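A short worksheet on the structure shown next.
Both counts, for ligands and for their atoms, begin at 1 and track the order of listing. Every value quoted in this text rests on a predicted model; they were computed, and no experiment measured them.
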Amino acid sequence: MTDELELRLDSLAGVGPVTTRKLNDAGIQNIMDLIVRGPVEIAELTGMDIDSSSKICEKAREDLVKGGLIAKDFISASELYKKRQTIGMITTGTDALDTLFAGGIETQALTEVYGEFGCGKTQFCHTMCVQVQKPKAEGGLEGGVLYMDSENTFRPERIKSMAEGYGLDPKEVLSKIHVGRAYNSDQQMLMVDKALELATKHPIKLLGIDSLTSAFRAEFLGRGTLAERQQKIRAHMRDLDKFMEGTNAATVVTNQVHSNPQAMFGDPTKPVGGHIVGHTSKFRIYLRKGKAGTRVCRLKDSPHLPESEAVISILEEGIRD
Ligand code: ATP
Ligand code: MG
């Protein structure tokens with residue numbers, strides 16, 4: 001999916017220059033953008049009425065279906081199978097984690113890493129930024145990275161050390177990671193739209209978000225606004241879903257934990273956002289500190305893999321067995 005997605009708005013029958021300009025001014029660049037946002041958002045963004053925006057979106061959908069760029073409402077299982085055949089896998093650089101993930105993290109899917117501070121979530125994201133760039137023969141996808149940093153913890157120095165650890169050219173690796181600072185949740189949400197646009201133009205194979213929830217959490221403190229916060233996170237997850245639908249990139253997000261006071265048995269540590277985040281995550285990894293500086297990774301609620309654990313270490317040159 002590259003140039004095809006840059007289908008120009010003015011190629012849509014019935015959309016004149018005035019409407020095209022209105023859409024462009026609202027940041028809608030191509031036909032795929034129309035589909036991804038849908039009539040309600042288009043109406044909100046452009047000020048046009050919902051009837052007009054629905055008509056335009058429907059026309060856009062028809063054109064893309066005709067062009068074979070998006071699926072019809074129902075697609076055959078064999079078509080779905082074909083799409084799933086394009087799923088790529090990025091190895092993690094350690095045998096233990098690759099075994100846990102049954103090969104590595106997948107494109108067209110979201111991997112969530114959660115755990116307490118200092119457990120290695122950010123280190124895992126940095127590692128994947130390097131891993132994805134490795135040659136295919138070595139378990140990478142030779143792809144670039146979009147990295148959304150909401151905690152100001154992205155460190156190019158770490159990337160450099162890790163790249164050197166794998167014998168990759170650090171300069172080249174750094175040049176393929178595009179970092180954006182998200183200062184608040186609204187900005188973070190807007191960045192996903194931007195990411196979708198960028199991923200149609202550059203060979204992006206990984207979207208990293210560190211952290212997924214901290215901005216939302218900081219802005220919606222206290223229980224009174226919990227419902228509102230969850231609603232916003234839900235919208236963010238929906239946008240990420242669209243991102244994954246529209247690109248063949250992997251998404252890795254980090255998440256904080258809170259302690260569930262109602263838990264009577266077992267570990268009371270729960271990821272922020274609860275089921276709203278968990279629903280979109282294909283892989284949920286719970287990281288915690290283990291003995292002698294090690295980290296224990298536990299695979300939680302995967303749709304097709306058993307719960308299991310792996311032990312890793314964080315070294316200067318990255319995550320290792
Ligand atoms: P937070 O919730 O605060 O963001 P986190 O889960 O993102 O925490 P990380 O920053 O990924 O945690 O991990 C920090 C840990 O990683 C450090 O405590 C240290 O053990 C390890 N670490 C970081 N840098 C290096 C390095 N250069 N060499 C070895 N270990 C390192
Ligand atoms: Mg961190």
Should one rank E317, R155, R295, Q123 by closest heavy-atom distance to atom 20 (O) of ligand 1, which comes out on top? R295
Taking atom 3 (O) of ligand 1 as the reference point, the nearest protein heavy atom with its distance: F117 CB, 3.4 Å
Nearest protein heavy atom to atom 2 (O) of ligand 1, by residue and atom, and its distance? K121 NZ, 2.7 Å
N, O or S atom of T122 closer to the Mg ion (ligand 2) than 2.8 Å: yes
If the contact criterion is a heavy-atom separation under 4.0 Å, does H126 count as touching ligand 1? no
Might you point out which heavy atoms bring D98 and T91 nearest each other, and give the distance in Å? OD2-CB, 3.5 Å
Counting from 1, what ligand 1 atoms have a heavy atom of T122 closer than 4.0 Å? 4 (O), 5 (P), 7 (O), 10 (O), 11 (O)
So is R284 actually on top of Y286's ring, under 6.0 Å and inside 45° of the axis? no
Could you check whether any heavy atom of G115 sits closer than 4.0 Å to an atom of ligand 1, since that is the contact criterion I want to use? no
Would you mind running through ligand 1 and noting each atom that sits below 4.0 Å from a heavy atom of E116? 6 (O)
T254-E151 side chain donor-acceptor pair, cut-off 3.5 Å: no
I want to check a possible cation-pi pair here: K134 against Y166, using under 6.0 Å from ring centre and within 45° of the ring axis as the test. yes
With a 4.5 Å cut-off on side-chain heavy-atom distances among I, L, V, M, F, W and Y, is there a chain of contacts connecting I285 to M237? no
Please answer: with hydrophobic residues joined when any side-chain heavy atoms are less than 4.5 Å apart, are V253 and I177 in the same cluster? no
Applying a strict 4.0 Å limit to heavy atoms, is L315 in contact with ligand 1? yes
Given the ring of F117, does R288 sit roughly above its face, with NZ or CZ under 6.0 Å from the centre of the six-membered ring and within 45° of the axis? no
Considering N255, I314, T254 one by one, which has a heavy atom nearer to atom 22 (N) of ligand 1 than any of the others? I314
In the protein, which heavy atom is nearest to atom 27 (N) of ligand 1, and how far is it? E316 OE1, 2.7 Å
Would you say G118 has any N or O atom under 3.5 Å from an N or O of ligand 1, going by distance alone? yes
Can you sort out which atoms of ligand 1 are near E151, meaning under 4.0 Å from one of its heavy atoms? 4 (O)
Is Q256 close to ligand 1, meaning an N/O of one under 3.5 Å from an N/O of the other? no
Under 4.0 Å to a heavy atom of G120 - the qualifying atoms of ligand 1, by number: 5 (P), 6 (O), 9 (P), 11 (O), 12 (O), 13 (O)
